[in-house]
2 protein chains.
Amino acid sequence: MELTTAEENYLKAIYHLSEEGKKSVSTNDIAAQIQTKPASVSDMLRKLGEKEVIQYRKYYGLQITELGKRLALQTIRKHRLWEVFLVDKLHFAWDEVHEVAEQLEHIQSPLLIERLDAYLNYPKFDPHGDPIPDAYGDVRTRPRCALNEMDIDQSGQIVAVKDSSAAFLRYLDKVGAYIGARIKILDKVEFDGSIEILVDQKKTLFMSKDVASNILVLQS
Amino acid sequence: MELTTAEENYLKAIYHLSEEGKKSVSTNDIAAQIQTKPASVSDMLRKLGEKEVIQYRKYYGLQITELGKRLALQTIRKHRLWEVFLVDKLHFAWDEVHEVAEQLEHIQSPLLIERLDAYLNYPKFDPHGDPIPDAYGDVRTRPRCALNEMDIDQSGQIVAVKDSSAAFLRYLDKVGAYIGARIKILDKVEFDGSIEILVDQKKTLFMSKDVASNILVLQS
DNA sequence: AAATAATATTAGATAAAGCTAAAAAATATA
DNA sequence: TATATTTTTTAGCTTTATCTAATATTATTT
Ligand SMILES: [Mn+2]
Ligand SMILES: [Mn+2]
Ligand SMILES: [Mn+2]
Ligand SMILES: [Mn+2]
């Protein structure tokens with residue numbers, strides 16, 4: 001089964017939206033996610049339905065199939081491996097990799113990915129803390145919770161970010177938050193949900209609820 | 001100036017055919033080179049003419065412009081850098097890289113190529129001995145001659161291959177010819193142009209004129 | 001339950017890249 | 001030079017992926 005670049009991008013978006021626990025994935029959601037128009041999405045959904053990577057009944061919504069999941073995970077695997085390559089080997093900053101990986105993920109060569117994976121030493125997570133599916137599409141997720149949902153005095157380790165936009169990542173760089181940092185909740189402001197945390201036992205940091213909700217923590 | 005993937009492939013083919021010293025590049029030549037039909041080539045020539053990467057007057061032939069050369073060399077630079085990456089870092093054999101590089105050369109990211117070049121230590125030649133243009137499109141070609149044009153007792157070093165097909169490269173692997181090997185002409189058969197050479201002062205090799213004409217040597 | 005709003009789909013265009021078959025132009029040959 | 005052959009281009013069609021505008025369906029309010 002061969003997918004075009006556009007089909008791979010749509011399927012990946014559908015997979016991600018499906019995983020977000022949303023009851024069902026809407027045409028508008030997909031359009032927003034991949035920056036296109038709902039009319040284009042409707043068209044593509046029909047095609048993806050014919051290729052049986054989703055189950056689609058018009059006006060009724062869609063469901064990704066097992067085949068669809070497998071293919072989406074292959075693309076995600078490639079995307080994340082390339083991100084690791086760009087950061088670890090080419091010294092890209094973690095906010096510079098997304099666009100390039102968005103292109104590289106469509107290169108067709110099983111050998112290339114196999115070798116790249118070996119070359120990078122079979123990494124388990126990408127630069128944003130997201131897990132890298134193995135060659136069979138198996139992905140092991142760690143239990144993690146959003147920073148804004150933790151209570152005072154709880155502690156843990158930053159393991160991932162929800163938002164991978166350059167703006168957000170550069171903000172984290174600036175304030176000194178990074179994947180792997182040990183944190184502890186010092187205070188929570190009832191009024192707006194903003195919090196104060198201690199980073200690596202030495203630095204205190206103040207952040208809005210919005211920022212905190214995009215930081216994922218492994219509790220300890 | 002932005003070119004599509006197809007346009008880049010055509011322009012690269014035109015550049016290569018132009019460089020081969022042919023008087024003029026024909027529609028049929030281009031079609032053969034990139035495995036398409038002459039009718040498709042005509043169409044594309046019109047488009048490339050409009051984008052001013054070639055000068056084109058129908059039925060009269062074409063000439064690549066300075067702009068066209070610069071863009072073609074950018075694509076060639078990317079192609080060859082990726083080939084070096086695949087061989088040096090991912091341990092691809094030199095006959096396995098072409099198809100993948102054909103895809104990777106179209107990835108759009110100046111930063112990526114800059115970093116890749118640095119990571120590979122600014123290589124000057126690709127795995128087939130072809131020179132890698134620098135970031136400004138300058139290529140330094142070494143003086144080199146086809147092995148079949150050398151005379152008895154002359155010696156030199158294999159520096160490149162003209163044919164990069166897997167079949168040819170695997171044949172060279174099998175008989176033990178490689179880039180960098182020191183060679184000396186032992187005998188030439190008048191009848192069919194086949195030759196006998198000494199490789200690295202220890203092994204004699206017999207090859208047809210056809211094979212010899214695809215091996216390029218730096219004479220010494 | 002009817003009217004209104006929101007969401008989703010279809011109709012009809014456009015652009016890129018390819019194809020086959022037909023026509024036009026250039027080249028070779030008798 | 002006239003005819004035949006080869007080369008090149010055009011005409012018309014197909015597929016993929018977009019878009020806008022119009023229509024259809026579902027959801028939400030009075
Ligand atoms: Mn992509
Ligand atoms: Mn990522
Ligand atoms: Mn290519
Ligand atoms: Mn090469």
Side-chain angles (χ1 to χ4, degrees), chain A residues 1-14 17-18 20 22-64 68 71-72 75 102-103 105-108, chain B residues 1-14 17-18 20 22-64 68 71-72 75 102-103 105-108:
Chain A
M1 248 284 294
E2 308 272 291
L3 297 183
T4 65
T5 291
E7 287 169 343
E8 285 183 345
N9 284 334
Y10 273 95
L11 191 57
K12 198 158 59 94
I14 291 167
L17 291 168
S18 300
E20 268 176 26
K22 298 278 169 61
K23 43 256 123 181
S24 83
V25 180
S26 81
T27 301
N28 277 343
D29 288 346
I30 299 169
Q33 176 96 352
I34 63 183
Q35 319 238 69
T36 184
K37 298 288 182 279
S40 308
V41 176
S42 283
D43 234 43
M44 184 57 90
L45 293 182
R46 190 182 41 70
K47 287 186 220 163
L48 293 177
E50 280 165 16
K51 293 206 170 183
E52 301 191 311
V53 293
I54 62 171
Q55 239 188 299
Y56 174 58
R57 274 181 53 215
K58 56 189 186 182
Y59 291 111
Y60 272 74
L62 63 94
Q63 197 170 1
I64 192 164
L71 294 174
T75 307
E102 204 56 50
Q103 297 178 61
E105 71 189 358
H106 304 292
I107 302 289
Q108 305 262 352
Chain B
M1 247 284 294
E2 306 272 293
L3 297 182
T4 65
T5 291
E7 287 168 343
E8 285 184 345
N9 284 334
Y10 272 94
L11 191 57
K12 199 157 59 96
I14 291 167
L17 290 169
S18 301
E20 268 177 25
K22 299 278 170 61
K23 44 255 122 185
S24 81
V25 179
S26 81
T27 301
N28 277 343
D29 288 347
I30 299 169
Q33 176 95 354
I34 64 183
Q35 319 239 68
T36 185
K37 299 286 182 277
S40 307
V41 176
S42 282
D43 234 43
M44 184 56 91
L45 292 182
R46 189 182 41 70
K47 285 187 221 163
L48 294 178
E50 279 165 15
K51 293 205 170 185
E52 301 190 312
V53 294
I54 62 172
Q55 239 189 298
Y56 174 58
R57 274 180 52 216
K58 55 189 185 182
Y59 291 110
Y60 272 75
L62 64 94
Q63 198 169 2
I64 191 163
L71 294 174
T75 307
E102 203 57 49
Q103 297 178 60
E105 71 189 359
H106 305 292
I107 302 290
Q108 307 262 350

Participant: Look at B:N28 and D:dT6 and indicate whether a side-chain polar atom (N or O) is within less than 4.0 Å of OP1 or OP2.
Facilitator: no
Participant: Would you say the side chain of B:V25 lies within less than 4.5 Å of the side chain of B:E20, judging by non-hydrogen atoms?
Facilitator: no
Participant: Of the nucleotides C:dG18, C:dT9, D:dA17, which one has an atom closest to the side chain of A:K47?
Facilitator: D:dA17
Participant: Base, sugar-phosphate or nothing for B:T4? Non-hydrogen atoms, less than 4.0 Å.
Facilitator: sugar-phosphate
Participant: If you check every side-chain atom of A:Y59, which of D:dA17, C:dA8, C:dA17 has the closest atom?
Facilitator: C:dA8
Participant: C:dT7, OP1 or OP2 - any side-chain N/O from A:K58 closer than 4.0 Å?
Facilitator: no
Participant: Please classify the nucleic acid contact of A:A39 as base, sugar-phosphate, or nothing, using heavy-atom distances under 4.0 Å.
Facilitator: base
Participant: Rounded to whole Å, how long is the line connecting atom CZ of B:R57 with atom P of D:dT8?
Facilitator: 15 Å
Participant: Tell me what B:D43 touches on the nucleic acid: a base, only sugar-phosphate, or nothing, going by heavy atoms under 4.0 Å.
Facilitator: nothing
Participant: With sequence neighbours excluded, tell me which residues meet side-chain hydrogen bond (donor to acceptor under 3.5 Å, both in side chains) with B:E50.
Facilitator: B:R46
Participant: To the nearest angstrom, how far is A:H106 atom NE2 from D:dA17 atom P?
Facilitator: 11 Å
Participant: Check whether any side-chain nitrogen or oxygen of A:Y10 sits under 4.0 Å from OP1 or OP2 of D:dT16, and answer yes or no.
Facilitator: no
Participant: Roughly how many Å is it from NZ in B:K37 to P in D:dT8, rounded to a whole number?
Facilitator: 15 Å
Participant: Are B:L62 and B:T27 side-chain neighbours, meaning at least one heavy-atom pair lies under 4.5 Å?
Facilitator: no
Participant: Taking CD from B:Q35 and P from C:dA17, how many angstroms apart are they, rounded to a whole number?
Facilitator: 18 Å
Participant: Round to the nearest Å and state the distance from B:N9 atom CG to C:dA16 atom P.
Facilitator: 16 Å
Participant: Has A:Y60 got a side-chain N or O lying under 4.0 Å from the OP1 or OP2 atom of C:dT9?
Facilitator: no
Participant: Just the rounded figure in Å: distance from C1' of D:dT16 to CD of A:E50.
Facilitator: 13 Å
Participant: Without decimals, in angstroms, what is the distance between A:I34 CD1 and D:dC19 C1'?
Facilitator: 14 Å
Participant: Within a strict 4.5 Å, meaning less than it, do heavy atoms of the B:M1 and B:V53 side chains meet?
Facilitator: yes
Participant: For A:S40, which contact category applies under a 4.0 Å heavy-atom criterion: base, sugar-phosphate, or nothing?
Facilitator: base
Participant: Would you compute the distance between atom OG of B:S24 and atom CG of B:D29 and round it to the nearest 0.5 angstrom?
Facilitator: 8.0 Å
Participant: Are B:T36 and C:dC19 close enough that a side-chain N or O sits under 4.0 Å from OP1 or OP2?
Facilitator: yes
Participant: Identify which nucleotide among D:dT9, D:dA17, C:dT10 has an atom closest to any side-chain atom of A:M44, counting heavy atoms from C-beta outward.
Facilitator: D:dA17
Participant: Quickly work out the B:R46 CZ to D:dT9 C1' distance and round it to whole Å.
Facilitator: 11 Å
